Amino acid sequence: MMATPEDFAALYARFDAPMTDVDCGAKCAPYNEYGVPFCCDPRHAVPTLYRAEWDLLRPTGLWRLWRADDPEETRRLWAETPPEQVPAVCAGPGVMCSGQRAWRSIVCRAFPFFPYLTREGAFLGLTYYWQYEDRCWVISHLARVQDAYRQQFVAAYERLFALYPHERETFRYQSIVMRRVFGRRHRDIPLLHRDGGYYWVRPRDGALRPARPEAFPRHGVYALAAQMPFPDEEPPAETA
Ligand code: SF4
């Protein structure tokens, strides 16, 4: 099946629920240099677009293909990007997260999550790109992820797996890597299950045990903030 721009327009329409009950960008941005959410800052994450998605987004002028200042860095990133995708960034920091939310890419809508698959290839639910534990506010507040978002995420990736069957293997492998990494760290993996529940995954064999969402840990600055007398206070805004 060849994916089309219309497929992505339909995906966007059905994957639009807010991830949490707050604007998470306002929560993490004060901790980033220049006050930009981490996932809108190509120094931290360069999103990729499926080529059919790029065909949909290119006419909006809201996205451009990614080129680093350093040609070698550009070459490396393009070489690492799967052939049916392109690295791209939105027109300016925060543009997608403010007035142009309808044109957020699938990767932007999904971040910080990816589909968690068992070794046998069953798509169980959502876990997250652990490399962003120290920066992403959502990862430290998994209990705040809305049920509607979780269900839309699952439906969107079921559709993507139908359009790009090899992506199922991509995320099965990503899940294997996460189990290896967490196994070495003697940590269990938080899972937002597609059945609506919360679980810990044991890396050694993938066994699940129920979790209390409020027991999922906080990380980095959010762990420090939780120990402060007024944990819900934002850090002071950066001044120029
Ligand atoms: S998903 Fe994470 S990194 Fe992106 S804006 Fe929300 S809290 Fe920040």
Side-chain angles (χ1 to χ4, degrees), residues 11-25 27-28 38-39 104 106-165 167-220 222-223 225-226 231-232:
L11 270 168
Y12 287 2
R14 290 189 223 114
F15 188 17
D16 202 32
M19 183 179 289
T20 66
D21 55 338
V22 295
D23 173 6
C24 60
K27 296 288 191 182
C28 76
F38 289 104
C39 60
R104 285 171 302 145
I106 289 293
V107 166
C108 288
R109 290 163 202 249
F111 190 90
F113 297 108
F114 71 87
Y116 177 83
L117 273 72
T118 65
R119 180 170 291 279
E120 295 74 28
F123 172 20
L124 293 192
L126 292 63
T127 191
Y128 56 78
Y129 290 102
W130 64 92
Q131 301 88 337
Y132 297 93
E133 275 185 338
D134 61 334
R135 282 158 279 178
C136 174
W137 180 88
V138 172
I139 293 175
S140 285
H141 298 81
L142 294 173
R144 304 279 287 268
V145 176
Q146 310 260 43
D147 290 344
Y149 174 85
R150 190 190 311 201
Q151 295 310 320
Q152 290 190 2
F153 179 103
V154 169
Y157 274 90
E158 289 288 14
R159 178 65 182 145
L160 273 172
F161 292 159
L163 293 168
Y164 300 95
E167 286 290 68
R168 185 176 279 276
E169 179 57 24
T170 302
F171 289 110
R172 190 183 80 89
Y173 180 71
Q174 178 77 14
S175 304
I176 289 172
V177 173
M178 188 173 190
R179 286 194 294 274
R180 278 189 200 140
V181 170
F182 275 58
R184 281 199 293 270
R185 295 177 185 176
H186 305 289
R187 291 178 55 191
D188 287 348
I189 297 170
L191 174 70
L192 307 188
H193 200 288
R194 61 189 295 160
D195 70 6
Y198 302 87
Y199 295 87
W200 292 107
V201 180
R202 188 166 61 192
R204 173 163 52 86
D205 57 4
L208 304 186
R209 65 183 164 88
R212 285 185 305 110
E214 59 275 14
F216 289 141
R218 296 192 182 183
H219 308 276
Y222 309 110
D232 289 334

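The model shown is predicted, which means the values in this text are computed figures rather than measured ones. These values consider heavy atoms only, across backbone and side chains, with no hydrogens, waters or symmetry-generated copies.
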- request: Would you please test W130 and R185 for side chain to side chain contact (heavy atoms under 4.5 Å, CB included) and show each step?
  value: CA-CA 12 Å; W130 64 92; R185 295 177 185 176; 3.9 Å; yes
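- The aromatic rings of F161 and F171 are tilted relative to each other, their planes meeting at an angle between 30° and 60°.
- Side-chain atoms of P112 and R135, non-hydrogen and from C-beta on, never get closer than 4.5 Å to each other.
- Residues F15 and R159 form no side-chain contact, since every pair of their non-hydrogen atoms from C-beta on lies 4.5 Å or further apart.
- Using bins of under 30°, 30° to 60° and over 60° for the plane-to-plane angle, the ring pair Y149/F153 lands in the tilted bin.
- Counting only heavy atoms from C-beta outward, the side chains of Y198 and L142 never approach each other to under 4.5 Å.
- Between the side chain of R172 and the backbone N or O of R119 there is at least one donor-acceptor pair closer than 3.5 Å.
- The two residues W200 and P210 have their closest heavy-atom pair at CD1-O, 4.1 Å.
- Qualifying salt bridge (charged side-chain N to carboxylate O under 4.0 Å, His left out) partners for R179, counting only residues two or more places apart in sequence or in other chains: none.
- The distance from atom NE2 of H219 to atom NE2 of H141, rounded to the nearest 0.5 Å, is 10.5 Å.
- For E214 against A143, the heavy-atom pair with the smallest separation is N-CB, 4.4 Å.
- Judged by a 6.0 Å distance limit and a 45° cone about the ring axis, R168 is not positioned over the six-membered ring of F123.
- If you take OH on Y222 and SG on C136, they are separated by 7.0 Å, rounding to the nearest 0.5 Å.
- Between E167 and L160, the closest side-chain pair of non-hydrogen atoms is not below 4.5 Å.
- Side chains of L192 and Y116 form no contact here, defined as non-hydrogen atoms less than 4.5 Å apart.
- Without hydrogens or angle criteria, T127 side chain to P190 main chain gives a donor-acceptor distance under 3.5 Å.
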task: Might you work through the side chain to side chain contact (heavy atoms under 4.5 Å, CB included) test for F114 and L126, ending with a clear yes or no?
output: CA-CA 6 Å; F114 71 87; L126 292 63; over 6 Å; no
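- In the displayed structure, R187 atom CZ is contacted under 6.0 Å by more than 12 heavy atoms of other residues, nucleotides or ligands.
- Ring-plane geometry between Y132 and F111 is classed as perpendicular, the angle between the planes exceeding 60 degrees on a 0 to 90 degree scale with a lower cut at 30.
- Scanning all heavy atoms of the two residues, the minimum distance from C24 to W137 falls at CB-CE3, 3.8 Å.
- Contact check for T170 versus Y164: no side-chain heavy atoms found under the 4.5 Å cut-off.
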task: Report the C-alpha separation of Y128 and E133 in whole Å, then their side-chain angles, then the decisive distance to 0.1 Å, and conclude whether the side-chain hydrogen bond (donor to acceptor under 3.5 Å, both in side chains) test is met.
output: CA-CA 9 Å; Y128 56 78; E133 275 185 338; 2.7 Å; yes
message: Quick one, R104 with D16, criterion side chain to side chain contact (heavy atoms under 4.5 Å, CB included). Give me CA distance, side-chain angles, the key distance, then yes/no.
response: CA-CA 9 Å; R104 285 171 302 145; D16 202 32; 3.0 Å; yes
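- A heavy-atom distance below 4.5 Å is found between the side chains of D188 and R209.
- Contact check for Q151 versus Q146: no side-chain heavy atoms found under the 4.5 Å cut-off.
- Between D205 and R202, the shortest heavy-atom distance links the atoms OD2-NH2, 2.6 Å.
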- prompt: Between L208 and L124, does a side chain to side chain contact (heavy atoms under 4.5 Å, CB included) hold up when you go through it step by step?
  reply: CA-CA 11 Å; L208 304 186; L124 293 192; 4.1 Å; yes
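- Using modelled atom types, no side-chain atom of R14 and backbone atom of Q152 make a donor-acceptor pair closer than 3.5 Å.
- Checking side-chain atoms of R150 against main-chain N and O of V145 turns up no donor-acceptor pair under 3.5 Å.
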